[in-house]
**Q** 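Before anything else, here's the structure in question.
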Amino acid sequence: MTQNRELAIVTGASSGIGFELARQLAERGFDLIVNSADEERLRPAAEEISRRTGAHVQPVRADLRSYAEAERLVAAVAATGRPVAVAVLNAGVGEGGAFLDTELEDEFEIIDLNVRSTVHLAKRLLRSMAAAGEGRVLITSSVASAMPGPFHSVYNASKSFLQSFSQALQNELKDTPLTVTALMPGPTETDCFHRADMDDTKVGRSRKADPAQVAAQGLDALFAGRDKVVAGSLKTKAQALANKVLPDSVKAAVHRRMAEPGSADR
Ligand SMILES: NC(=O)c1ccc[n+]([C@@H]2O[C@H](COP(=O)([O-])OP(=O)(O)OC[C@H]3O[C@@H](n4cnc5c(N)ncnc54)[C@H](OP(=O)(O)O)[C@@H]3O)[C@@H](O)[C@H]2O)c1
(Lines give C-alpha, C1' and ligand atoms only; values in the text may rest on other atoms or scores of the structure.)
Protein backbone atom coordinates (compact mmCIF):
# COMPACT_ATOMS: atom_id res chain seq x y z
CA MET A 1 0.00 0.00 0.00
CA THR A 2 1.16 3.54 -0.64
CA GLN A 3 2.44 5.46 2.37
CA ASN A 4 1.01 8.90 1.62
CA ARG A 5 -2.61 7.77 1.19
CA GLU A 6 -4.86 7.21 4.18
CA LEU A 7 -6.77 3.95 4.60
CA ALA A 8 -10.55 3.55 4.32
CA ILE A 9 -12.64 0.41 4.74
CA VAL A 10 -16.00 -0.09 3.00
CA THR A 11 -18.36 -3.02 3.64
CA GLY A 12 -20.82 -4.10 0.97
CA ALA A 13 -18.54 -2.60 -1.65
CA SER A 14 -19.14 -5.09 -4.48
CA SER A 15 -22.12 -3.19 -5.92
CA GLY A 16 -24.55 -0.31 -5.58
CA ILE A 17 -24.05 2.47 -3.06
CA GLY A 18 -21.08 0.73 -1.39
CA PHE A 19 -19.23 0.33 -4.69
CA GLU A 20 -19.73 4.05 -5.39
CA LEU A 21 -18.65 5.03 -1.87
CA ALA A 22 -15.47 2.96 -2.29
CA ARG A 23 -14.75 4.27 -5.80
CA GLN A 24 -15.24 7.88 -4.72
CA LEU A 25 -13.10 7.44 -1.59
CA ALA A 26 -10.34 6.12 -3.86
CA GLU A 27 -10.82 9.18 -6.09
CA ARG A 28 -10.53 11.36 -2.99
CA GLY A 29 -7.09 9.86 -2.29
CA PHE A 30 -7.71 6.85 -0.05
CA ASP A 31 -6.34 3.33 -0.24
CA LEU A 32 -9.07 0.80 0.45
CA ILE A 33 -10.03 -2.41 2.11
CA VAL A 34 -13.29 -3.47 0.46
CA ASN A 35 -15.54 -6.22 1.74
CA SER A 36 -18.48 -8.29 0.62
CA ALA A 37 -19.58 -11.90 1.11
CA ASP A 38 -19.18 -12.94 -2.53
CA GLU A 39 -15.66 -13.34 -3.91
CA GLU A 40 -16.90 -13.44 -7.52
CA ARG A 41 -18.54 -10.03 -7.15
CA LEU A 42 -15.97 -8.44 -4.86
CA ARG A 43 -12.75 -9.16 -6.75
CA PRO A 44 -13.77 -7.52 -10.07
CA ALA A 45 -15.19 -4.54 -8.16
CA ALA A 46 -11.88 -4.08 -6.32
CA GLU A 47 -9.93 -4.43 -9.56
CA GLU A 48 -12.13 -1.90 -11.33
CA ILE A 49 -11.70 0.68 -8.57
CA SER A 50 -7.95 0.17 -8.51
CA ARG A 51 -7.69 0.43 -12.31
CA ARG A 52 -9.82 3.58 -12.47
CA THR A 53 -8.21 5.44 -9.56
CA GLY A 54 -4.69 4.07 -9.01
CA ALA A 55 -5.53 3.34 -5.35
CA HIS A 56 -4.35 0.20 -3.59
CA VAL A 57 -7.55 -1.81 -3.08
CA GLN A 58 -7.47 -4.96 -0.96
CA PRO A 59 -10.57 -7.16 -1.20
CA VAL A 60 -11.44 -9.08 1.97
CA ARG A 61 -14.27 -11.55 1.48
CA ALA A 62 -16.20 -12.03 4.71
CA ASP A 63 -19.82 -12.92 5.30
CA LEU A 64 -20.60 -10.35 7.96
CA ARG A 65 -23.59 -12.31 9.25
CA SER A 66 -20.97 -14.48 10.94
CA TYR A 67 -19.18 -13.28 14.09
CA ALA A 68 -16.01 -15.19 13.12
CA GLU A 69 -15.94 -13.70 9.61
CA ALA A 70 -16.49 -10.16 10.90
CA GLU A 71 -13.55 -10.75 13.25
CA ARG A 72 -11.51 -11.95 10.26
CA LEU A 73 -12.22 -8.63 8.52
CA VAL A 74 -11.11 -6.76 11.65
CA ALA A 75 -7.93 -8.85 11.72
CA ALA A 76 -7.22 -8.11 8.05
CA VAL A 77 -7.53 -4.39 8.79
CA ALA A 78 -5.20 -4.69 11.79
CA ALA A 79 -2.70 -6.69 9.72
CA THR A 80 -2.11 -3.66 7.47
CA GLY A 81 -0.53 -1.93 10.49
CA ARG A 82 -2.18 1.29 9.30
CA PRO A 83 -4.78 3.36 11.13
CA VAL A 84 -8.26 3.43 9.59
CA ALA A 85 -9.11 7.02 8.73
CA VAL A 86 -12.59 6.22 7.37
CA ALA A 87 -14.88 3.24 8.01
CA VAL A 88 -18.03 2.90 5.92
CA LEU A 89 -20.41 0.36 7.44
CA ASN A 90 -22.71 -0.07 4.50
CA ALA A 91 -23.45 -3.78 3.90
CA GLY A 92 -27.16 -4.44 4.20
CA VAL A 93 -30.00 -6.56 2.85
CA GLY A 94 -33.78 -6.52 2.94
CA GLU A 95 -36.57 -9.02 2.42
CA GLY A 96 -39.94 -7.92 1.09
CA GLY A 97 -43.23 -9.65 1.83
CA ALA A 98 -45.82 -10.11 4.52
CA PHE A 99 -44.33 -10.96 7.90
CA LEU A 100 -46.66 -13.97 8.07
CA ASP A 101 -45.11 -15.30 4.85
CA THR A 102 -41.39 -14.50 5.05
CA GLU A 103 -38.98 -17.07 6.49
CA LEU A 104 -37.71 -16.52 10.02
CA GLU A 105 -34.22 -17.36 8.80
CA ASP A 106 -34.36 -14.48 6.28
CA GLU A 107 -35.44 -12.03 9.00
CA PHE A 108 -32.49 -13.14 11.15
CA GLU A 109 -30.15 -12.60 8.21
CA ILE A 110 -31.29 -8.98 8.02
CA ILE A 111 -30.72 -8.50 11.73
CA ASP A 112 -27.36 -10.30 11.69
CA LEU A 113 -26.02 -8.25 8.78
CA ASN A 114 -27.66 -4.83 9.12
CA VAL A 115 -27.67 -4.59 12.91
CA ARG A 116 -25.30 -7.08 14.51
CA SER A 117 -22.37 -6.70 12.11
CA THR A 118 -22.61 -2.90 12.20
CA VAL A 119 -22.43 -2.88 16.00
CA HIS A 120 -19.59 -5.42 15.85
CA LEU A 121 -17.46 -3.45 13.40
CA ALA A 122 -18.26 -0.10 15.02
CA LYS A 123 -17.09 -1.46 18.37
CA ARG A 124 -13.78 -2.73 17.01
CA LEU A 125 -13.02 0.11 14.58
CA LEU A 126 -14.04 3.03 16.81
CA ARG A 127 -11.81 1.70 19.60
CA SER A 128 -8.86 1.55 17.17
CA MET A 129 -9.71 5.03 15.92
CA ALA A 130 -9.87 6.36 19.48
CA ALA A 131 -6.42 4.88 20.16
CA ALA A 132 -5.10 6.51 16.96
CA GLY A 133 -6.70 9.84 17.87
CA GLU A 134 -8.74 10.24 14.69
CA GLY A 135 -11.32 8.58 12.48
CA ARG A 136 -14.62 9.01 10.68
CA VAL A 137 -17.43 6.46 10.45
CA LEU A 138 -20.27 6.49 7.90
CA ILE A 139 -23.20 4.19 8.65
CA THR A 140 -25.68 3.49 5.85
CA SER A 141 -29.09 3.93 7.40
CA SER A 142 -32.08 4.92 5.23
CA VAL A 143 -35.01 7.33 5.01
CA ALA A 144 -36.91 4.13 5.84
CA SER A 145 -35.47 4.43 9.36
CA ALA A 146 -38.16 7.00 10.13
CA MET A 147 -41.07 4.97 8.71
CA PRO A 148 -42.71 1.81 10.01
CA GLY A 149 -42.32 -0.57 7.05
CA PRO A 150 -45.32 -2.80 6.33
CA PHE A 151 -44.17 -5.64 3.99
CA HIS A 152 -40.53 -4.74 4.75
CA SER A 153 -40.94 -4.65 8.50
CA VAL A 154 -37.68 -6.09 9.80
CA TYR A 155 -35.62 -4.12 7.28
CA ASN A 156 -37.15 -0.76 8.28
CA ALA A 157 -36.75 -1.67 11.94
CA SER A 158 -33.08 -2.52 11.33
CA LYS A 159 -32.56 0.92 9.82
CA SER A 160 -34.36 2.58 12.77
CA PHE A 161 -31.85 0.79 14.99
CA LEU A 162 -28.91 2.08 12.93
CA GLN A 163 -30.26 5.63 12.95
CA SER A 164 -30.70 5.64 16.72
CA PHE A 165 -27.33 3.94 17.20
CA SER A 166 -25.52 6.49 14.99
CA GLN A 167 -27.08 9.44 16.76
CA ALA A 168 -26.26 8.05 20.20
CA LEU A 169 -22.62 7.52 19.22
CA GLN A 170 -22.42 11.07 17.85
CA ASN A 171 -23.40 12.40 21.23
CA GLU A 172 -21.02 10.12 23.15
CA LEU A 173 -18.14 11.13 20.88
CA LYS A 174 -18.91 14.83 20.56
CA ASP A 175 -15.85 15.94 22.55
CA THR A 176 -13.48 13.60 20.69
CA PRO A 177 -11.86 13.82 17.25
CA LEU A 178 -14.05 10.91 16.08
CA THR A 179 -17.16 11.46 13.96
CA VAL A 180 -20.14 9.27 13.10
CA THR A 181 -22.41 10.19 10.18
CA ALA A 182 -25.67 8.48 9.21
CA LEU A 183 -26.25 8.21 5.46
CA MET A 184 -29.99 8.12 4.77
CA PRO A 185 -30.61 7.25 1.12
CA GLY A 186 -34.07 7.15 -0.39
CA PRO A 187 -34.89 4.58 -3.10
CA THR A 188 -31.69 4.16 -5.12
CA GLU A 189 -31.00 2.26 -8.37
CA THR A 190 -29.15 -0.81 -7.06
CA ASP A 191 -29.66 -4.60 -6.74
CA CYS A 192 -31.30 -4.02 -3.36
CA PHE A 193 -34.99 -4.31 -4.32
CA HIS A 194 -34.47 -7.24 -6.69
CA ARG A 195 -32.53 -9.11 -4.02
CA ALA A 196 -35.30 -8.34 -1.53
CA ASP A 197 -37.83 -9.93 -3.91
CA MET A 198 -39.60 -6.58 -4.40
CA ASP A 199 -39.68 -6.33 -8.21
CA ASP A 200 -43.50 -6.45 -8.15
CA THR A 201 -43.85 -3.51 -5.76
CA LYS A 202 -44.43 0.17 -6.56
CA VAL A 203 -41.14 1.15 -4.94
CA GLY A 204 -39.32 -1.66 -6.74
CA ARG A 205 -40.52 -0.37 -10.13
CA SER A 206 -40.24 3.35 -9.34
CA ARG A 207 -37.60 5.69 -10.74
CA LYS A 208 -34.74 5.83 -8.29
CA ALA A 209 -31.72 7.92 -7.45
CA ASP A 210 -28.28 7.38 -8.94
CA PRO A 211 -26.01 5.56 -6.43
CA ALA A 212 -23.10 7.80 -7.48
CA GLN A 213 -25.07 10.87 -6.40
CA VAL A 214 -26.09 9.23 -3.12
CA ALA A 215 -22.48 8.27 -2.37
CA ALA A 216 -21.17 11.76 -3.17
CA GLN A 217 -23.70 13.33 -0.80
CA GLY A 218 -22.76 10.80 1.87
CA LEU A 219 -19.05 11.48 1.58
CA ASP A 220 -19.53 15.27 1.57
CA ALA A 221 -21.48 14.91 4.82
CA LEU A 222 -18.88 12.54 6.28
CA PHE A 223 -15.98 14.91 5.64
CA ALA A 224 -18.01 17.88 6.88
CA GLY A 225 -18.57 15.96 10.13
CA ARG A 226 -22.35 16.14 9.78
CA ASP A 227 -24.54 13.93 11.95
CA LYS A 228 -26.75 12.74 9.09
CA VAL A 229 -27.61 13.34 5.47
CA VAL A 230 -30.72 12.52 3.48
CA ALA A 231 -29.32 11.51 0.10
CA GLY A 232 -30.91 11.10 -3.31
CA SER A 233 -33.65 12.81 -5.25
CA LEU A 234 -35.71 15.87 -4.27
CA LYS A 235 -38.61 13.45 -3.76
CA THR A 236 -36.53 11.64 -1.12
CA LYS A 237 -35.72 14.90 0.64
CA ALA A 238 -39.43 15.82 0.62
CA GLN A 239 -40.27 12.38 2.03
CA ALA A 240 -37.72 12.88 4.82
CA LEU A 241 -39.26 16.25 5.69
CA ALA A 242 -42.76 14.73 5.69
CA ASN A 243 -41.49 11.93 7.95
CA LYS A 244 -40.77 14.54 10.62
CA VAL A 245 -44.39 15.62 10.90
CA LEU A 246 -46.60 12.74 9.76
CA PRO A 247 -48.02 10.36 12.37
CA ASP A 248 -46.57 6.83 12.28
CA SER A 249 -49.93 5.40 11.17
CA VAL A 250 -49.90 7.62 8.05
CA LYS A 251 -46.26 6.78 7.29
CA ALA A 252 -47.09 3.09 7.61
CA ALA A 253 -50.00 3.50 5.17
CA VAL A 254 -47.74 5.32 2.67
CA HIS A 255 -45.15 2.56 2.99
CA ARG A 256 -47.78 -0.12 2.52
CA ARG A 257 -48.86 1.42 -0.81
CA MET A 258 -45.25 1.37 -2.03
CA ALA A 259 -44.08 -2.01 -0.70
CA GLU A 260 -47.05 -4.38 -0.74
CA PRO A 261 -46.42 -7.38 -3.04
CA GLY A 262 -48.26 -6.80 -6.34
CA SER A 263 -48.58 -3.04 -5.73
CA ALA A 264 -46.63 -2.26 -8.94
CA ASP A 265 -49.68 -3.14 -11.07
CA ARG A 266 -52.32 -1.40 -8.97
N1 LIG B 1 -30.99 0.94 -2.73
C2 LIG B 1 -31.77 1.63 -1.91
O3 LIG B 1 -32.85 2.09 -2.29
C4 LIG B 1 -31.33 1.89 -0.49
C5 LIG B 1 -31.99 2.88 0.25
C6 LIG B 1 -31.60 3.12 1.55
C7 LIG B 1 -30.57 2.39 2.11
N8 LIG B 1 -29.95 1.42 1.38
C9 LIG B 1 -28.86 0.67 2.01
O10 LIG B 1 -27.68 0.83 1.25
C11 LIG B 1 -26.79 -0.24 1.56
C12 LIG B 1 -26.23 -0.79 0.28
O13 LIG B 1 -27.27 -1.40 -0.48
P14 LIG B 1 -27.44 -1.17 -2.04
O15 LIG B 1 -28.73 -0.51 -2.26
O16 LIG B 1 -26.23 -0.56 -2.60
O17 LIG B 1 -27.67 -2.67 -2.56
P18 LIG B 1 -26.67 -3.76 -3.12
O19 LIG B 1 -26.11 -3.31 -4.43
O20 LIG B 1 -27.44 -5.03 -3.09
O21 LIG B 1 -25.47 -3.80 -2.07
C22 LIG B 1 -25.47 -4.60 -0.92
C23 LIG B 1 -24.03 -4.88 -0.56
O24 LIG B 1 -24.00 -5.65 0.66
C25 LIG B 1 -23.19 -6.80 0.42
N26 LIG B 1 -23.60 -7.92 1.27
C27 LIG B 1 -24.76 -8.63 1.21
N28 LIG B 1 -24.75 -9.60 2.12
C29 LIG B 1 -23.56 -9.50 2.77
C30 LIG B 1 -22.96 -10.24 3.83
N31 LIG B 1 -23.61 -11.26 4.40
N32 LIG B 1 -21.72 -9.88 4.25
C33 LIG B 1 -21.05 -8.85 3.65
N34 LIG B 1 -21.58 -8.11 2.66
C35 LIG B 1 -22.82 -8.46 2.22
C36 LIG B 1 -23.37 -7.12 -1.05
O37 LIG B 1 -22.25 -7.87 -1.49
P38 LIG B 1 -22.23 -9.39 -2.00
O39 LIG B 1 -23.55 -9.73 -2.60
O40 LIG B 1 -21.11 -9.37 -3.00
O41 LIG B 1 -21.91 -10.19 -0.77
C42 LIG B 1 -23.35 -5.72 -1.64
O43 LIG B 1 -22.03 -5.29 -1.81
C44 LIG B 1 -27.60 -1.27 2.36
O45 LIG B 1 -27.32 -1.11 3.75
C46 LIG B 1 -29.04 -0.83 2.08
O47 LIG B 1 -29.91 -1.21 3.12
C48 LIG B 1 -30.30 1.16 0.08
Side-chain angles (χ1 to χ4, degrees), residues 9-23 33-46 48-49 59-73 88-96 105-106 108-118 120-121 138-147 149 152 154-163 166 182-198 201-215 217-218 228-233 235-236 239-240 255 258-259:
I9 166 174
V10 182
T11 69
S14 62
S15 64
I17 298 169
F19 174 82
E20 280 300 327
L21 287 163
R23 186 183 67 74
I33 290 183
V34 291
N35 153 266
S36 91
D38 185 337
E39 184 78 34
E40 308 276 289
R41 282 162 46 84
L42 181 62
R43 190 159 293 280
E48 183 182 340
I49 294 170
V60 178
R61 196 212 69 79
D63 183 338
L64 296 179
R65 293 170 301 180
S66 146
Y67 179 92
E69 295 206 14
E71 281 292 294
R72 202 159 53 69
L73 174 58
V88 178
L89 306 181
N90 164 81
V93 289
E95 178 64 26
E105 194 182 312
D106 292 337
F108 283 156
E109 289 191 1
I110 297 171
I111 295 167
D112 287 345
L113 181 63
N114 301 14
V115 174
R116 200 163 184 269
S117 87
T118 305
H120 188 157
L121 295 176
L138 185 69
I139 293 178
T140 306
S141 168
S142 171
V143 290
S145 64
M147 304 176 85
H152 210 195
V154 175
Y155 175 84
N156 281 39
S158 77
K159 295 297 176 178
S160 302
F161 179 102
L162 292 181
Q163 193 64 28
S166 304
L183 170 58
M184 302 169 71
T188 306
E189 202 56 66
T190 70
D191 295 343
C192 180
F193 292 96
H194 178 66
R195 290 177 76 158
D197 204 15
M198 293 176 75
T201 63
K202 257 197 180 43
V203 64
R205 294 251 186 102
S206 68
R207 236 184 116 211
K208 303 185 191 62
D210 177 355
Q213 180 197 25
V214 168
Q217 291 172 357
K228 60 186 169 193
V229 60
V230 174
S233 62
K235 200 172 152 197
T236 294
Q239 177 69 59
H255 196 279
M258 298 301 293

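We number each residue from 1, following the sequence as shown. Every number for a ligand or one of its atoms is a count from 1 in the order of the listing.
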**Q** Mark yes or no for whether Lys208, through its side chain, and Gly232, through its backbone, hold a donor-acceptor pair below 3.5 Å.
**A** no
**Q** Got more than 12 heavy atoms from elsewhere within 6.0 Å of CZ, Arg116?
**A** no
**Q** Please give me the minimum heavy-atom distance between Lys159 and Thr140, naming the atom from each residue.
**A** NZ-O, 3.0 Å
**Q** Considering only heavy atoms, which protein residues lie less than 4.0 Å from any atom of ligand 1?
**A** Gly12, Ala13, Ser14, Ser15, Gly16, Ile17, Asn35, Ser36, Ala37, Asp38, Arg41, Ala62, Asp63, Leu64, Arg65, Asn90, Ala91, Gly92, Val93, Leu113, Thr140, Ser141, Ser142, Tyr155, Lys159, Pro185, Gly186, Pro187, Thr188, Thr190, Asp191, Cys192, Phe193, Arg195
**Q** Please report the closest heavy-atom contact between Gly18 and Asn90, naming both atoms and the distance.
**A** CA-ND2, 3.3 Å
**Q** When you check the gap from the basic side-chain N to the acidic O, do Arg195 and Glu95 get nearer than 4.0 Å?
**A** no
**Q** I'd like to know if the side chain of Ser14 and the backbone of Ser36 have a donor-acceptor N/O pair within less than 3.5 Å.
**A** no
